[in-house]
Amino acid sequence: MLPPSLAGSAATLFADRLDLAAAYAELLVTDGVVRGLIGPREAPRIWDRHLLNCAVVAERIPAEAVVFDVGSGAGLPGLVLAIARPDLTVTLIEPLARRTAFLIEAVQHLGLTRQVRVFRGRAEEAAAGAAGTEPMRADVVTARAVAPLDRLSAWCLPLVGQGGRLVAMKGASAAEEIAEHAEAVQRLGGGVPELHRCGIGLIDPPTTVVEIVQERARATRPARRARTGRRGGRAARR
């Protein structure tokens with residue numbers, strides 16, 4: 001249930017889709033826990049630690065953007081952003097079969113099949129084109145707790161064209177990551193990483209994100225097909 005202390009922030013962030021956000025929260029704390037996508041101890045904090053924490057990232061995403069969520073897992077933050085921002089077109093990129101199965105079912109259950117699709121495969125496959133698919137490109141790529149900034153940039157920046165951006169959710173060590181990996185990011189064609197706090201006045205603590213603009217698009221090599229079964233490297237829409 002939505003704690004009363006968070007009701008105002010939730011209403012602001014999800015507006016007339018608050019009921020949809022609540023339905024997704026219910027999926028996470030039931031099927032998500034049973035299927036090992038969310039830890040049982042996370043259920044009481046599903047709103048503040050997961051839904052609201054992800055929803056505030058929408059303030060860094062322009063109107064009507066095409067968004068890819070890399071390593072989407074249970075749909076965080078990509079599915080949350082799709083609920084909060086009906087103007088976005090979202091693709092959830094996830095290589096593991098059990099996770100993509102959950103994501104497909106969640107998209108169907110929430111009635112978001114026209115706005116959200118699921119791509120089973122790695123970011124490199126999506127960027128380069130694999131299994132007969134065309135290379136995929138987004139305006140914004142999001143990621144949450146996927147990898148250090150240098151590896152994350154190597155995976156995600158090829159998914160955006162010049163001027164596109166990576167918006168990575170990070171923790172308390174974000175500033176240290178920027179200092180450590182800024183040179184590697186720039187070698188990959190990215191600009192200087194910028195740290196932003198999202199949701200000030202709505203959630204406490206605010207969400208920390210690192211934002212990187214793709215300044216020099218790099219050519220991508222064709223990706224080998226991942227060993228993920230018959231649907232590996234294919235976009236799945238249900």
Side-chain angles (χ1 to χ4, degrees), residues 9-18 20-21 24 50-72 75-94 103 107 110 112-119 123 126-127 134-146 149 152-170 174 178 182 185-186 188-203 206-218 220 235 237:
S9 296
T12 298
L13 291 167
F14 293 108
D16 59 358
R17 281 185 152 190
L18 182 56
L20 201 59
Y24 177 47
H50 297 286
L51 270 70
L52 301 185
N53 181 260
C54 291
V56 296
V57 176
E59 67 187 58
R60 302 303 311 170
I61 300 178
E64 300 183 355
V66 173
V67 178
F68 292 170
D69 183 33
V70 168
S72 194
L76 303 166
L79 197 44
V80 175
L81 293 171
I83 294 170
R85 289 278 302 276
D87 61 301
L88 302 179
T89 301
V90 178
T91 297
L92 310 175
I93 298 176
E94 172 56 52
L103 292 173
V107 170
L110 298 172
L112 295 175
T113 54
R114 293 186 177 182
Q115 184 189 0
V116 182
R117 68 171 179 168
V118 178
F119 179 90
E134 293 294 322
M136 296 165 56
R137 293 294 180 270
D139 303 309
V140 176
V141 176
T142 60
R144 184 190 195 215
V146 171
L149 204 55
L152 190 63
S153 298
W155 297 335
C156 295
L157 287 178
L159 285 166
V160 297
Q162 189 167 345
R165 69 186 75 171
L166 164 63
V167 179
M169 296 177 67
K170 289 290 182 179
I178 289 175
V185 169
Q186 291 178 58
L188 292 165
V192 177
E194 296 181 354
L195 189 149
H196 298 277
R197 310 285 186 188
C198 300
I200 295 174
L202 286 173
I203 62 172
T207 299
T208 299
V209 303
V210 175
E211 188 170 312
I212 301 169
V213 175
Q214 175 69 299
E215 293 184 344
R216 303 184 312 280
R218 295 161 59 93
T220 55
R237 187 191 295 270

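Because the structure is predicted, anything quoted here is derived from the model rather than measured.
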* Please lay out, stage by stage, how Leu166 and Ser153 fare under the test side-chain contact (heavy atoms from CB on, under 4.5 Å). => CA-CA 8 Å; Leu166 164 63; Ser153 298; 4.1 Å; yes
* Test side-chain contact (heavy atoms from CB on, under 4.5 Å) on Leu202 and Leu52 and set out the steps. => CA-CA 9 Å; Leu202 286 173; Leu52 301 185; over 6 Å; no
* Asked: Can you check side-chain contact (heavy atoms from CB on, under 4.5 Å) on Ile93 and Leu159, steps first, answer last?
  -> CA-CA 11 Å; Ile93 298 176; Leu159 285 166; 4.2 Å; yes
* Test Ile212 against Leu149 for side-chain contact (heavy atoms from CB on, under 4.5 Å), laying out the working first. => CA-CA 10 Å; Ile212 301 169; Leu149 204 55; 4.1 Å; yes
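Atom CZ of Phe68 sits about 4.0 Å away from atom CE of Met136, to the nearest 0.5 Å. Interatomic distance, Thr142 OG1 to Leu81 CG, rounded to the nearest 0.5 Å: 6.0 Å. Note that OG1 of Thr91 is 13.0 Å distant from CZ of Arg137, once rounded to the nearest 0.5 Å. Note: Tyr24 OH to Ile83 CD1 = 7.0 Å, rounded to the nearest 0.5 Å.
Residues Leu20 and Leu112 have side chains in contact (heavy-atom distance under 4.5 Å, counting atoms from C-beta outward). At least one side-chain heavy atom of Leu92 sits under 4.5 Å from a side-chain heavy atom of Val116. A 4.5 Å side-chain heavy-atom check between Asn53 and Met169 finds at least one atom pair inside the cut-off. Within the 4.5 Å cutoff, side-chain heavy atoms of Pro77 are placed close to those of Asp69. For the pair Leu13/Val56, a side-chain contact is recorded, criterion being any heavy-atom separation below 4.5 Å from C-beta on.
Nearest heavy atom pair, residue Cys54 against residue Arg144, reads SG-NE, 3.9 Å. For Arg165 against Arg60, the heavy-atom pair with the smallest separation is NH1-O, 3.3 Å. Of all heavy-atom pairs spanning Arg17 and Ala82, the tightest one is NH1-O, 2.8 Å. Val57 approaches Val209 most closely through the heavy-atom pair CG2-CG1, 4.0 Å. The nearest pair of heavy atoms linking Ala55 to Phe14 is CB-CZ, 3.8 Å. Shortest non-hydrogen contact noted between Asp139 and Glu64 is OD2-O, 4.4 Å.
Although no hydrogens or angles enter the test, the distance criterion places a donor-acceptor pair under 3.5 Å between the side chain of Gln115 and the main chain of Leu88. Judged by distance alone, with hydrogens and angles left aside, the side-chain atoms of Gln214 form a donor-acceptor pair with the main-chain N or O of Leu157 at under 3.5 Å. Remark: side-chain polar atoms of Gln162 are paired, donor with acceptor, to backbone N or O of Glu215 under 3.5 angstrom. A donor-acceptor pair is defined here as one N or O able to donate and one able to accept, closer than 3.5 Å; no such pair exists between the side chain of Thr89 and the backbone of Val66. In this structure a side-chain-to-backbone donor-acceptor pair under 3.5 Å is missing from Glu94 to Val118.
Counting only N and O atoms by type, the side chains of Arg197 and Thr208 include a donor and acceptor under 3.5 Å apart.
The stretch residues 78-91 participates, sequence neighbours left out, in these salt bridge (charged side-chain N to carboxylate O under 4.0 Å, His left out) pairs: Arg85-Asp87.
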